[in-house]
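Here is the naming used below: chain letters follow the sequence lines, and residue numbers restart at 1 for every chain.
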2 protein chains.
Amino acid sequence: MNGAQSLIRTLVDSGVDVCFSNPGTSEMHFVAALDAVPEMRGVLALFEGSVTGAADGYGRMADRPAATLLHLGPGMANGLANLHNARRAHTPIVNVIGDHATYHKGFDAPLESDVDALSGWTKGWTRWSSDPGAVGQDAADAVAAAMSPPGQIANLVLPADVSWGDGGVAVAGATAPAPSTVDDQAVNAVAKVLGSGEPTIVLLGHGATRERGLLAASRIAQATGAKLFAETFPARIERGAGLPPIERLGYLAEQVQWQFTDIKHLVLVGAKAPVSFFAYPGKPSGLVPEGCQVHVLAELGSDVPGALESVADLVAAQEKPVLAEASRPELPAGELTPQNWAPVIGALLPEGAIVSDEANTSGLMIPMTTAGAPRHDVLTLTGGAIGQGLPVAVGAAVAAPDRPVVCLQADGSAMYTISALWTMARENLNVTTVLINNGAYAILRMELQRVGAEGAGPKANDLLDLSRPDLDFVSIAQGMGVAASRATTAEELAEQFSRALAEPGPHLIEAMVPSLI
Amino acid sequence: MNGAQSLIRTLVDSGVDVCFSNPGTSEMHFVAALDAVPEMRGVLALFEGSVTGAADGYGRMADRPAATLLHLGPGMANGLANLHNARRAHTPIVNVIGDHATYHKGFDAPLESDVDALSGWTKGWTRWSSDPGAVGQDAADAVAAAMSPPGQIANLVLPADVSWGDGGVAVAGATAPAPSTVDDQAVNAVAKVLGSGEPTIVLLGHGATRERGLLAASRIAQATGAKLFAETFPARIERGAGLPPIERLGYLAEQVQWQFTDIKHLVLVGAKAPVSFFAYPGKPSGLVPEGCQVHVLAELGSDVPGALESVADLVAAQEKPVLAEASRPELPAGELTPQNWAPVIGALLPEGAIVSDEANTSGLMIPMTTAGAPRHDVLTLTGGAIGQGLPVAVGAAVAAPDRPVVCLQADGSAMYTISALWTMARENLNVTTVLINNGAYAILRMELQRVGAEGAGPKANDLLDLSRPDLDFVSIAQGMGVAASRATTAEELAEQFSRALAEPGPHLIEAMVPSLI
């Protein structure tokens, strides 16, 4: 068994059986070894940003890592932006970064670069594999590291000679540590705050936005009058009819300040105290109002739902959670507007959908219009690095092949990783992409005003404009093998969305929605 | 004048008047300031890999830097792969990397990341601007650093509050140091080697593959019998009728070993001793044969053409260079094959063309078929990070608006930065892209065999296959506003290529060439 074979065998035995890949010459022995381990599925993406974004979507839905296969430093570089989002989402991922043979590195061949600088940027776990006999153990350690609560990126650098060398030893499955239990002191302290009667917000972060945490949090809110919010960009939030409805903190600092009006206590549950996404002249960076005390119930990586249940047992023993009732908006009619496309999604979102949401400004109404839709998951843009939506949809669909995936995708962001459409087609994934074409970086039009930039004229506005020429996403999607259609009215959007959901395989609907701004 | 205005004014006064841009909120004051400095041209690209690749192409043709505008760490991350190619090409580039306001960084907002790790990866010059009153000087220093021979990447990190703060001071143009003169000792030593009569190769690297260096090198070869080669992947090589024809070193180690048969001396002129692009089991990494002595005539960053002229004056005072005669292949006929598309390019390449060559395996015949074409420049994939061809064509066309740009582009590589087509359309650039669609990562099919990977079966081969579904580049290009057509015969390719060159603006021709392998 060579090193590559022992690596893949160990990954599979550790529960990692999908490898999103964009290989090169230094990875050819790894590629060849895929045929020796039938349980490992290789999924080709045409750009590393799609590879890593797919691994992010997969990990968020599967609660275990996918592997990636990346071609040396430059290949990893192309995948970094979506690794940034994955880092902020605490998604477990095992990156296998092929590198030159150990003895070749000193020759400074053209693709040589400082891989440590890039892997360090992910702030995860990194190891250079140096021996074919040890790479199996390295792989098991990488999986364990990736799965360490709350989840992180594990980078395993695989020199070509370690990959092709003989003496590989597959290692029995990796085991990850359990999340740490939250101690009684923190639980009691928060129970006391909640019992004080003072205005309190419980902020639900990583691990708290899934069913268990939401149910416990809802009981707490019912019993104590505390307000619940989810963090602005949850990695994964479960919602819809039958689950407690939880509002998210706003993206704009002004929204958060409004949501925090008169609050005296902020209880953090797997979340950080909110900060402004960007800095604005004369506006604060931290968004916790003066005089508001911050209490940490559960740190990231601890047993977050358990901590909420412990608090609920103290302060809300008899309380039942409040659940969203099933309700759908009516199907709107007429030309598409920024206001009427979201109700179409709310009216038709299928049971069990996974929503990959990168609709940005165009998606502001989506949380409202889907609040009473059948139960679904939403995956959001955790790190702000655009180009996430399509790849995350790929990964979610691979992780959950029996569930419909709906990708709500802004136009400008789509272009970063547009080739993810091709992987949807190749793998025949059940992804329905609603591409909101408003012909602009609309969010930047808003931000140009908000930052108070003076003197912006035609040259500035030109850099925020995506027309001239117009992007034709129907043509682009068809060119990548994805069935596509264009909707200019709400009726067309409804008809095309329903049809796409009913048919297997990927579809793209280009919704021609005018820019708000 | 705010910081951003002083920065842009200083760049313009330093000769940097194009900024390839993909901005975000933290760059809005920079964007607004573009209207205050009319001489600065902002060029929007829809992905940072296109931004940096365009800056690379621009710098190679203009011999001065373009600026880029990148959105924090994740935006820079997206641009790294083409910065890697630019680093290997020694292209002067000034990256303006927008960042959070200085006081905001400690809040770890979602887009916060370790920008130093990324800028360090480029192995160039980096400065964090910290004061609106100093950012003008920082910009001048960045240009000077970028222009320092042989050219490098200069990273200027621009926090938002430095951009929007008052008190900016524009600084008079930057001046870069001249290349160092090569001392007589090196010149004399090489002249002696060349006079020995022993088999000698003169390897022409950065700075030696332009007209002055080529003419001197040709005189040397004529007088001494030395063989001339250009390095495998020159940043820019001038060639065609009326210039000395110079063969490039092969991509494959076996080719180089053949080219170096019986050689006793290797003279390096702005080049490094050749190494294998990748490691292969049982094969050497360094490609200089045993018993061959290596002599350095001119280090990178020294006066490379001057050194060649000094040697020529010693050993070839009366010699004239040998120039390629004008000659064209005949136009071939019939279904397109791996062999017959390149003669079409050779037969029709226009006078003064700039060829952005990322045709990879499909392009092996191009150097031969264009050797006697009218004088042209070729820009090659210096760092091996694919996705260079289209963006470099964008930058070259912006730098040289009066010259036709021909982009020879492999299919797999095209998908990394495909949105560069949109920028070609927006700027109405005279770029004719010949997209060789062979439906495969053909180079990897070859490499899978060359690395001796055993056991590769259907799963391995699936990861090298770009069909299922077929990519339709006509549809993709039209979706981005570029006129496109498909050629399946040599006659169609000739007709479409001629027409595209005759019409203004960008065109893409999808040449359906079967894979060699």
Considering only heavy atoms from C-beta outward, does the side chain of [X] approach that of [Y] to under 4.5 Å?
X	Y	answer
A:Pro458	B:Asp35	yes
A:Arg88	B:Asp108	yes
B:Asn22	A:Tyr441	yes
B:Asp465	A:Leu44	no
B:Leu46	A:Leu471	yes
B:Glu27	A:Val451	no
B:Gln478	A:Asp472	no
A:Arg87	B:Ser113	yes

[X], part contacting chain B, at a heavy-atom distance under 4.5 Å:
X	answer
A:Val474	neither
A:Thr25	both
A:Ala101	both

* Asked: Any sub-3.5 Å donor-acceptor pair from B:His104's side-chain atoms to A:Ser276's backbone N or O?
  ->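 Here the side-chain-to-backbone pair exists.
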
* Asked: Between the side chain of B:His84 and the main-chain N/O of A:Pro110, is any donor-acceptor distance below 3.5 Å?
  ->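 Confirmed, B:His84 side chain pairs with A:Pro110 backbone.
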
* Check ion pair A:Arg41-B:Asp462 (N to O, under 4.0 angstrom) ->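 Looking at B:Asp462 together with A:Arg41, the answer is no, because their closest N to O distance does not fall below 4.0 Å.
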
* Asked: So, for B:Phe278 and A:His100, is the gap between ring centers shorter than 6.0 Å?
  ->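 Yes, ring centres under 6.0 Å apart.
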
* Can you sort out the partners of B:Tyr416 under ring pair (Phe, Tyr, Trp, His ring centres under 6.0 Å), two or more places apart, ordered by chain and number? =>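 Once residues adjacent in sequence are excluded, the partners of B:Tyr416 under the ring pair (Phe, Tyr, Trp, His ring centres under 6.0 Å) criterion are A:Phe47.
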
Just give me the residue among [options] that pairs up with chain B most often, heavy atom to heavy atom, under 4.5 Å.
options	result
A:Ala81, A:Gly457, A:Ala77	A:Gly457
A:Ala117, A:Pro469, A:Ala32	A:Pro469
A:His29, A:His71, A:Met415	A:His29

* Show your reasoning for whether side-chain contact (heavy atoms from CB on, under 4.5 Å) applies to B:Ile418 and A:Ile418. => CA-CA 9 Å; B:Ile418 191 72; A:Ile418 191 74; 3.9 Å; yes

* Asked: What part of B:Ala45 lies closer than 4.5 angstrom to a heavy atom of chain A: side chain, backbone, both or neither?
  ->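 Just its backbone gets close to chain A.
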
* To do: With sequence neighbours excluded, give me every salt bridge (Lys or Arg N to Asp or Glu O under 4.0 Å) pair touching residues 110-120 of chain A.
  =>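 For residues 110-120 of chain A, and leaving out neighbouring residues, the salt bridge (Lys or Arg N to Asp or Glu O under 4.0 Å) pairs sorted by first residue read A:Lys105-A:Glu112.
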
* side-chain contact (heavy atoms from CB on, under 4.5 Å) evaluation trace for B:Trp422 with A:Asp470 -> CA-CA 9 Å; B:Trp422 181 86; A:Asp470 289 319; over 6 Å; no

